[in-house]
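Computed from a predicted structure; not experimentally measured. Values below: all heavy atoms of this structure, side chains included; hydrogens, waters and symmetry mates excluded.
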Amino acid sequence: MSRILILGGYGGFGARLARRLAGRRYHILVAGRNAEKARAFCAGLPGTEPVVADREGDVAALLAAQRPDLLIDAAGPFQHSDYRVPLACIEAGVPYLDLADGRAFVTGIGALDAAAREAGVAVVAGASSVPALSGAVARHLAAGTARVTQVEVAISASNRATAGPSVAAAILSYVGRPVRLWRNRRWTRGWGWQELRRESFAVTGVPEIRGRWVALAEVPDLDLLPAMLPGRPAVTFRAGTEISLQTLGLWLLSWPIRWFGLSAVPLAPLLLPLQRLTSILTSDRSAMSVHLTGEDSEGFVERRWTLIAQHGDGPEIPTLAAALLAEEILAGRLPAGARDAGSLLDLAQFESIFAQLAIRHATVERRLPPPLYRRVMGPAFDALPEAARALHSVCRDGGAQGQGRVERGTGLLARAIGAIMRFPPTGSYKLHVAFAEQHGVETWTRRFGPHAFTSRLRQRGVRLVERFGPLRFHFDLPSNTDGLEMVLRRWTCLGIPLPLALAPRIQAREWQDGDRFRFDVAIALPLIGLVVHYDGWLLPDA
């Protein structure tokens with residue numbers, strides 16, 4: 001009988017994992033700092049044995065004394081952990097597995113790969129809801145796509161699933177702190193527990209979970225999914241509890257931490273009592289969704305996988321990947337080496353366990369309309385140069401970078417108008433253009449060096465409408481195989497039509513030069529003259 005040593009074996013997730021593995025006839029060594037708690041837990045569970053151990057202590061001596069066939073670290077938190085435990089396992093020749101969700105810890109585990117291979121042991125980090133389950137779902141949804149443009153993951157846990165000192169410390173470690181995000185084809189920055197929004201979860205045959213608040217969380221998926229999926233998509237991960245008061249409270253807390261560079265971790269001892277005070281509002285329902293947008297042979301497609309757990313089975317979910325991978329390791333089916341769990345399991349492996357619990361899941365798919373410029377231009381879009389088609393094939397997220405040059409008007413009124421429109425000063429700049437699309441509307445943010453200005457584009461009939469603040473400009477898009485032009489036909493302010501004779505004189509064209517997308521835009525006003533002229537090049541897939 002294989003012996004599995006579980007650090008934190010009587011804790012929230014560790015206890016559930018210990019029960020699950022003991023039920024599969026493994027001998028479980030339930031390890032933790034508190035001997036009484038370990039003994040009390042094992043007293044009611046056959047096939048278990050209490051062990052006093054500290055993951056911050058002498059793990060090598062623990063392994064030498066207990067001689068397990070596998071060590072599973074379920075203690076956490078992993079956000080600021082080092083690799084002393086997996087290193088001790090490698091030294092002792094003991095396979096290692098953990099339930100880590102710390103971004104740096106999980107994504108950095110590959111640094112131990114050479115040592116693990118030499119020792120002949122498997123070392124796996126992140127055998128939990130993230131990145132093991134989320135990675136399995138994302139790969140399932142991406143099947144058949146040539147490229148994925150965006151992935152959004154959301155988890156809304158029941159109060160009992162988040163009640164624990166390690167979970168509290170993990171959440172507070174990134175509240176209000178910078179979070180590195182891959183968006184618009186480049187690395188950018190968000191802030192932990194911000195970007196707040198409501199999320200609903202629906203699975204046929206199960207009561208819908210409506211309007212739970214979720215906010216930006218820092219997890220390994222933010223690094224792993226862009227690298228794993230075709231097209232290197234933008235990835236966002238949001239999390240929250242079922243109780244709005246908790247999620248909104250952390251959102252409010254995130255602002256002073258962001259402004260003043262503080263840390264919320266010292267507040268962890270206060271978070272658990274607050275959770276207990278709100279327990280009267282607690283249900284037993286947890287939910288998770290993975291929302292993926294991509295392109296296949298038929299066009300753009302949106303797929304959404306949703307899971308709803310009832311009757312208190314939600315806290316089982318973070319332990320399922322560890323149970324599956326423990327079996328793989330002990331059966332000798334996982335090769336030696338150190339790796340994250342994001343690509344080790346398939347959704348089908350989870351489904352058999354879901355069926356044994358009060359967990360239901362489903363995938364829905366819908367076709368999306370063509371991109372904005374294709375809708376406006378019709379068949380003429382297909383005749384555009386390849387670089388122009390690529391840049392204007394925006395669905396949810398996109399970006400391009402290159403070089404730009406700006407010339408500003410020198411007259412007093414021209415300078416004032418340029419400043420109001422936030423046009424960059426005269427000069428040459430590195431250029432990045434971010435594209436964000438939602439409900440058929442594209443938001444373009446042009447960043448010339450440190451200077452940025454934004455406009456929104458949509459379709460009105462057969463015309464393209466570009467909005468700058470209260471002003472809307474309606475364009476025809478004459479085109480040929482060389483490129484396209486933008487011809488102003490109408491303009492309004494706050495929806496009120498304005499005389500075309502007073503409209504800006506806009507000369508705008510796009511074309512391809514080699515593999516580069518080229519553009520040239522000049523804007524002048526009657527009696528005032530040049531306001532701004534900018535041109536340059538972009539690489540859509542840079």
Point to revise | Straight-line distance of Ile28 CD1 to Ile4 CD1, nearest 0.5 Å | key: 4.0 Å

Check your understanding: Where do Ala122 and Pro335 come nearest, in terms of heavy atoms and distance?
Key -> CB-O, 3.7 Å

Check your understanding: Is any side-chain heavy atom of Ile359 less than 4.5 Å from a side-chain heavy atom of Ile308?
Key -> no

Check your understanding: Taking Thr319 for the side chain and Glu316 for the main chain, is one N or O donor matched with an acceptor at less than 3.5 Å?
Key -> yes

Exercise for review: Could you check if a side-chain atom of Val151 sits within less than 4.5 angstrom of a side-chain atom of Leu229, using non-hydrogen atoms only?
Suggested key: yes

Check your understanding: Does a side-chain heavy-atom distance below 4.5 Å link Arg103 with Leu222?
Key -> yes

Point to revise | Short side-chain to backbone donor-acceptor contact, His432 and Arg185, under 3.5 Å | key: no

Point to revise | Interatomic spacing from CG in Leu330 to CZ in Arg3 - rounded to 0.5 Å | key: 12.5 Å

Practice item. Would you check if the side chain of Thr188 reaches a backbone N or O of Asn184 as a donor-acceptor pair within less than 3.5 Å? Key: no

Review point. What's the shortest heavy-atom distance between Ala116 and Ala338, and which atoms?
Key: CB-N, 3.8 Å

Check your understanding: If every non-hydrogen atom of Pro131 is compared with every non-hydrogen atom of Ala100, which pair is closest and at what distance?
Key -> CD-O, 4.5 Å

**Study point:** Geometric class of the Tyr373/His392 ring pair [parallel <30°, tilted 30-60°, perpendicular >60°]
**Key:** parallel

Check your understanding: So, does Arg198 use its side chain to make a donor-acceptor pair with the main chain of Arg212 at under 3.5 Å?
Key -> no

Study note, to complete from the structure: For Leu225 and Pro233 the tightest heavy-atom approach is O-CD, 4.2 Å

Practice item. Could you check Ile243, Leu245, Leu196, Leu250 and say which one makes a side-chain contact (heavy atoms from CB on, under 4.5 Å) with Trp213? Key: Leu196

Review point. Are any side-chain N or O atoms of Thr247 and backbone N or O atoms of Val214, one a donor and one an acceptor, separated by less than 3.5 Å?
Key: no

Exercise for review: Have a look at Arg304 and tell me which of Leu141, Val290, Val364, Leu292 forms a side-chain contact (heavy atoms from CB on, under 4.5 Å) with it.
Suggested key: Val364

Practice item. Could you verify whether a donor N or O on one side chain and an acceptor N or O on the other, from Gln401 and Arg186, lie under 3.5 Å apart? Key: no

Exercise for review: Could you tell me whether a side-chain N or O of Arg339 sits under 3.5 Å from a main-chain N or O of Ile109, the two making a donor and an acceptor?
Suggested key: no

Practice item. Using modelled atom types only, decide if a donor and an acceptor are shared between the side chain of Asn34 and the backbone of Lys37 within a distance under 3.5 Å. Key: yes

Check your understanding: Does the salt bridge (Lys or Arg N to Asp or Glu O under 4.0 Å) test come out yes or no for Arg84 and Glu56, once each step is laid out?
Key -> CA-CA 8 Å; Arg84 70 180 66 188; Glu56 304 297 328; 3.7 Å; yes

Study note, to complete from the structure: On a heavy-atom basis, the closest approach of Val30 and Ala38 is O-CB, 4.0 Å

Check your understanding: Considering only heavy atoms from C-beta outward, does the side chain of Asp69 approach that of Leu5 to under 4.5 Å?
Key -> no

Point to revise | Exercise: identify the closest heavy-atom pair between Leu99 and Pro318 | key: CD2-O, 3.8 Å

Point to revise | Ring centres under 6.0 angstrom apart (Tyr10, Phe41) | key: no

Check your understanding: Side chain of Arg177, backbone of Leu262: donor and acceptor closer than 3.5 Å?
Key -> yes

Check your understanding: Mind checking whether Trp255 and Trp259 have parallel, tilted or perpendicular rings, split at 30° and 60°?
Key -> tilted

Point to revise | Contacts of type side-chain hydrogen bond (donor to acceptor under 3.5 Å, both in side chains), residue Arg389, not counting sequence neighbours | key: none

Check your understanding: Would you call His361 and Phe354 a side-chain contact if the rule is heavy atoms closer than 4.5 Å?
Key -> yes

Review point. Is it true that atom CD of Glu91 has more than 12 heavy atoms of other residues, nucleotides or ligands lying nearer than 6.0 Å?
Key: no

Review point. Quick one: CZ on Arg139 to OG on Ser343, what's the gap to the nearest 0.5 Å?
Key: 6.0 Å

**Study point:** Any side-chain donor near an acceptor of the partner, Glu152 and Thr236, under 3.5 Å
**Key:** no

Exercise for review: Could you please spell out the steps behind the side-chain contact (heavy atoms from CB on, under 4.5 Å) verdict for Arg396 and Leu368?
Suggested key: CA-CA 11 Å; Arg396 298 295 185 262; Leu368 297 176; 3.8 Å; yes

Review point. In Å, rounded to the nearest 0.5 Å, how long is the span from CD of Glu302 to CZ of Arg366?
Key: 4.0 Å

Study note, to complete from the structure: Here the gap from Asp296 atom CG to Arg367 atom CZ, rounded to the nearest 0.5 Å, amounts to 4.0 Å

Practice item. For Asp313 and Ala358, indicate whether the former's side chain and the latter's backbone hold a donor-acceptor pair under 3.5 Å. Key: yes

Check your understanding: Side chains of Thr241 and Gln246: is there a donor and an acceptor less than 3.5 Å apart?
Key -> yes

Review point. Run the salt bridge (Lys or Arg N to Asp or Glu O under 4.0 Å) check on Arg183 and Asp397 step by step: do they pass?
Key: CA-CA 7 Å; Arg183 289 176 175 172; Asp397 183 274; over 6 Å; no

Review point. Passes side-chain contact (heavy atoms from CB on, under 4.5 Å), Ser128 versus Asp101? Steps please.
Key: CA-CA 7 Å; Ser128 191; Asp101 62 355; 5.9 Å; no

Review point. Can you find a side-chain donor-acceptor pair between Thr454 and Thr445 that sits under 3.5 Å?
Key: yes

Check your understanding: Would you call Phe78 and Asp98 a side-chain contact if the rule is heavy atoms closer than 4.5 Å?
Key -> yes

Check your understanding: Are Trp182 and Trp187 near enough that their ring centres are under 6.0 Å apart?
Key -> yes

Check your understanding: Does a side-chain N-to-carboxylate-O contact under 4.0 Å join Arg238 and Glu195?
Key -> yes

Review point. So, do Val137 and Phe350 sit near enough that their side-chain heavy atoms are less than 4.5 Å apart?
Key: no

Point to revise | Any donor-acceptor N/O pair, Arg285 side chain to Ala157 backbone, under 3.5 Å | key: no

Review point. Take atom CZ in Arg456; do more than 12 heavy atoms of anything else shown fall under 6.0 Å from it?
Key: no

Point to revise | Approximate separation, where rounding is to 0.5 Å, of Glu199 CD and His291 NE2 | key: 8.5 Å

Revision key, fill the gap. side-chain contact (heavy atoms from CB on, under 4.5 Å) test vs Tyr26 passes for just one of Leu21, Leu70, Thr48, namely Leu21

Check your understanding: Any luck finding a side-chain donor-acceptor pair between His140 and Trp305 under 3.5 Å?
Key -> no

Review point. Does the side chain of Asp221 come under 3.5 Å of the side chain of Ser134 through a donor N or O and an acceptor N or O?
Key: yes

Review point. Would you call Leu216 and Gln194 a side-chain contact if the rule is heavy atoms closer than 4.5 Å?
Key: no

Check your understanding: Can you tell me if CZ on Arg333 sees more than 12 non-hydrogen neighbours from other groups inside 6.0 Å?
Key -> yes

